[in-house]
Amino acid sequence: AKDYATYMCKIFAHRVLGPDQPPVARIQSLFIRKIVLKIETNASIANVRGLLQNAHLRMTEMPAFKGITLYYDVDPM
């Protein structure tokens, strides 16, 4: 999660918050971390989606990150 957040900071700069542990940080053998990405309301959603997909592909190309699972929650809360 730290490596992914660092990579995201290179793309989105100060808009990345985290990683942080949610209230339930582990379910069985899955460790959960939360990274918040704050995007302006006038930003192009298609561009943001493309950047996130590219970041995900680059991270999963690395052998250490092949087993990660990412969930994107749009407009949490």
Side-chain angles (χ1 to χ4, degrees):
K2 287 180 186 178
D3 292 336
Y4 191 73
T6 301
Y7 183 77
M8 296 297 289
C9 282
K10 292 178 185 175
I11 299 170
F12 295 104
H14 63 279
R15 295 177 188 93
V16 179
L17 304 174
D20 192 17
Q21 291 185 0
V24 177
R26 181 175 168 197
I27 298 176
Q28 294 179 355
S29 64
L30 299 176
F31 292 90
I32 302 168
R33 299 296 177 261
K34 178 175 67 171
I35 299 172
V36 177
L37 178 62
K38 299 184 85 158
I39 301 295
E40 293 83 5
T41 56
N42 60 352
S44 170
I45 299 301
N47 288 343
V48 172
R49 180 181 293 145
L51 290 169
L52 288 173
Q53 287 175 341
N54 186 27
H56 183 187
L57 288 174
R58 288 181 149 267
M59 292 302 288
T60 54
E61 287 174 352
M62 297 179 199
F65 299 111
K66 286 207 181 273
I68 66 170
T69 303
L70 293 176
Y71 293 102
Y72 297 97
D73 186 5
V74 179
D75 196 21
M77 297 202 197

Can you list, pair by pair, the side-chain donor-acceptor contacts under 3.5 Å of residues 47-71, counting residues two or more places apart and other chains?
unit_1: R58; atom_1: NE; unit_2: Y7; atom_2: OH; d: 3.3
unit_1: T60; atom_1: OG1; unit_2: H56; atom_2: O; d: 3.0
unit_1: T60; atom_1: OG1; unit_2: L57; atom_2: O; d: 3.2

Mind listing the side-chain donor-acceptor pairs of residues 8-17 below 3.5 Å, one per line with the distance, residues two or more places apart or on another chain?
unit_1: R15; atom_1: NE; unit_2: E40; atom_2: OE1; d: 3.3
unit_1: R15; atom_1: NE; unit_2: E40; atom_2: OE2; d: 3.0
unit_1: R15; atom_1: NH1; unit_2: F12; atom_2: O; d: 3.3
unit_1: R15; atom_1: NH2; unit_2: E40; atom_2: OE2; d: 3.4

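Taking Ile, Leu, Val, Met, Phe, Trp and Tyr as hydrophobic and joining them when side-chain heavy atoms fall under 4.5 Å apart, one finds V24 in a cluster with I27, I32.
Applying the side chain to side chain donor-acceptor pair (under 3.5 Å) rule to pairs touching residues 16-27 yields nothing, sequence neighbours excluded.
Across all their heavy atoms, K34 and P22 have their closest contact at N-CD, 4.3 Å.
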